[in-house]
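As a basis for the values below, the full set of heavy atoms in this structure was taken, side chains included, without hydrogen atoms, waters or symmetry mates. None of these values were measured; they are calculated from a predicted model. Start at 1 and go down the list; that is how both ligands and their atoms are numbered.
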Amino acid sequence: MSVSVFDLFKIGIGPSSSHTVGPMIAARQFACQLQAGPGLAAVHGVTVELFGSLSATGVGHGTDKAVLLGLAGHEPDKIDPDQIEPAIAAIRAGKTLALLGERTVPFTEKEHLLFRRKSLPLHPNGLCFHAYDAEGTEIAQREFYSVGGGFVIDASGERVLNQAATAQPGSAGHQQGLPHPFHTGAELLAQCRATGLTPAQVMAANEEHWRSAAEVQRQLMAIWHTMAGAVRRGCASTGHLPGPMQVRRRAAELHHKLSSAPEAALRDPLSMLDWVNLYAMAVNEENAAGGRVVTAPTNGAAGVIPAVLHYYVNFLQGNCKADEDGIATFLLTAGAIGIIYKENASLSGAEVGCQGEVGVACSMAAGALAAVMGGTPEQIENAAEIGMEHNLGMTCDPVGGLVQIPCIERNAMGAIKAINAARMALRGDGQHVVSLDKVIKTMMQTGADMKVKYKETSRGGLAVNVVEC
Ligand code: SF4
């Protein structure tokens with residue numbers, strides 16, 4: 001598989017890339033296949049089965065709504081977050097669902113959306129769709145797996161692309177002829193040494209195999225502006241997050257405190273940490289509320305990279321006017337590191353715990369920050385390695401199956417850790433004992449050894465020790 005930076009950074013909606021974005025893509029794909037196959041007119045009913053982690057934490061993560069919206073033809077990057085609740089309410093009130101907005105079939109969640117405790121063979125996040133004719137005979141059946149970060153595969157292991165994405169050159173899957181292919185940290189460093197390019201320049205050259213340099217830059221800036229928008233909205237939103245815990249949104253209050261007493265920063269040299277915490281929490285509160293965020297590389301971990309990128313723009317560049325080249329370098333470097341995780345390990349909390357989400361985001365952000373601070377390729381690889389090494393073993397135990405506790409604060413901690421990892425690497429010469437590839441291998445092995453109850457099932461850890469109100 002060949003992965004693009006735009007496969008890792010996807011504009012979508014909260015609260016979960018594996019449990020919301022992926023299932024929405026899978027459901028829409030099934031509806032599109034019905035349209036292309038037997039035809040929507042032949043379909044008189046559909047049922048959906050959710051397996052494993054999608055069943056265990058699907059309601060808290062919005063999987064149920066995502067599947068309905070996907071069948072109705074919505075796409076995560078295009079749907080207006082404000083239109084989600086009205087669309088779901090209409091389906092529930094009418095007890096019908098219009099496949100791709102065209103073919104209305106009866107649909108009640110109790111009867112047609114089924115939660116199965118067991119897992120399907122390929123991955124803990126499995127879905128199975130069925131379609132029936134007028135006599136109730138099954139005319140189509142497809143299995144999908146949402147394998148983390150909004151990536152979806154089918155039962156044969158083939159990547160399933162969002163229908164809109166398939167029309168664009170440069171989506172993952174087109175690996176022929178990349179000028180600088182790499183699959184591991186060692187191969188990325190070898191490309192840098194052979195060509196004299198930085199990791200960001202290697203990535204840019206590969207991206208330009210699929211799309212023009214101007215289009216790469218345009219899409220990178222769209223990613224940045226969406227991240228910045230999530231920070232802005234998170235800093236302006238008050239009240240409580242959805243769900244029975246009634247978790248209070250804190251970013252707006254923190255933003256007000258920090259903005260209204262700037263002189264306090266002069267007395268406290270670590271006040272910058274408050275701002276980094278704010279950026280991360282603002283994004284993750286927005287994600288938990290089902291708002292517009294960038295999967296980076298997952299939604300649960302969507303706050304780490306924007307927080308460190310805002311730290312770079314607001315504190316290291318010295319003003320709020322973003323240097324677009326620096327932002328592009330940051331995102332391309334983060335993407336290069338994320339690809340190595342995607343190709344050799346996992347981005348799925350259901351597969352490897354939170355190591356694969358906040359851990360990977362921390363690693364990507366650490367390497368990216370080292371890059372824009374002038375690090376060599378070796379220092380960048382070292383920063384990425386440190387960013388993961390100290391997240392090894394981190395479990396996924398969301399309280400109430402919601403991407404709120406511990407996820408929101410965990411992103412803030414991941415961002416701070418990434419900044420420290422970059423600084424540690426930049427104080428060295430790039431030589432180090434544990435390579436990025438070795439830490440990725442260790443992360444994958446640790447995830448395989450981790451008990452299922454610590455992998456996005458809400459059956460262990462904080463999820464069982466914190467009582468929901
Ligand atoms: S604990 Fe980590 S992996 Fe699990 S849902 Fe929260 S952010 Fe995602």
Side-chain angles (χ1 to χ4, degrees), residues 12-23 52-63 66 123-125 146-151 230 241-243 245 247 280-281 283-290 293-307 338 341-342 345-365 387-388 390-415 417-418 443-444 446-447 450-466:
I13 54 161
S16 169
S17 46
S18 58
H19 288 53
T20 316
V21 174
S53 177
L54 293 184
S55 171
T57 62
V59 172
H61 285 55
T63 310
H123 191 276
N125 294 336
S146 178
V147 296
F151 287 83
L241 295 171
M245 292 186 295
V247 172
M281 285 170 32
V283 173
N284 281 82
E285 287 180 0
E286 198 58 18
N287 177 62
V293 296
V294 176
T295 301
T298 70
N299 279 28
V304 175
I305 287 171
Y341 282 97
K342 177 63 189 160
S346 170
L347 308 179
S348 167
E351 197 174 8
V352 294
C354 203
Q355 309 172 103
E357 299 207 9
V358 169
V360 173
C362 175
S363 177
M364 292 166 69
M388 173 51 74
H390 306 288
N391 281 301
L392 287 175
M394 191 157 63
T395 60
C396 170
D397 53 356
V399 177
L402 298 162
V403 194
Q404 298 178 7
I405 301 172
C407 320
I408 295 169
E409 286 180 2
R410 185 164 289 174
N411 274 257
M413 296 303 295
K417 215 182 262 192
M443 175 267 231
M444 196 59 191
T446 306
M450 204 180 272
K451 287 188 174 175
V452 171
K453 67 180 181 177
Y454 297 117
K455 296 196 277 194
E456 210 162 358
T457 56
S458 287
R459 294 185 196 130
L462 288 173
V464 297
N465 287 315
V466 177

Is a donor on one side and an acceptor on the other found under 3.5 Å between the side chain of Asn284 and the backbone of Gly300?
yes
Under 4.0 Å from a heavy atom of Arg410: give me the atoms of ligand 1 that qualify, with their elements.
1 (S)
For atom 7 (S) of ligand 1, closest protein heavy-atom neighbour
Gly300 O, 3.5 Å
For atom 3 (S) of ligand 1, which of His19, Glu357, Lys455, Gln404 has the closest heavy atom?
Glu357
Please round to the nearest 0.5 Å and tell me the distance separating atom CE of Met443 and atom OH of Tyr341.
6.5 Å
Residues Thr57 and Glu456: side-chain donor-acceptor under 3.5 angstrom
no
Residue, atom and distance of the protein heavy atom nearest atom 2 (Fe) of ligand 1 read Cys354 SG, 2.3 Å
Given 3.5 Å as the limit, does a donor-acceptor pair link the side chain of Asp397 with the main chain of Ser458, or not?
no
Mind checking whether atom 4 (Fe) of ligand 1 has an N, O or S of Cys396 under 2.8 Å?
yes
Under 2.8 Å from atom 6 (Fe) of ligand 1, is there an N/O/S atom belonging to Cys407?
yes
How about CE on Met413, more than 12 heavy atoms from neighbouring residues, nucleotides or ligands closer than 6.0 Å, or not?
no
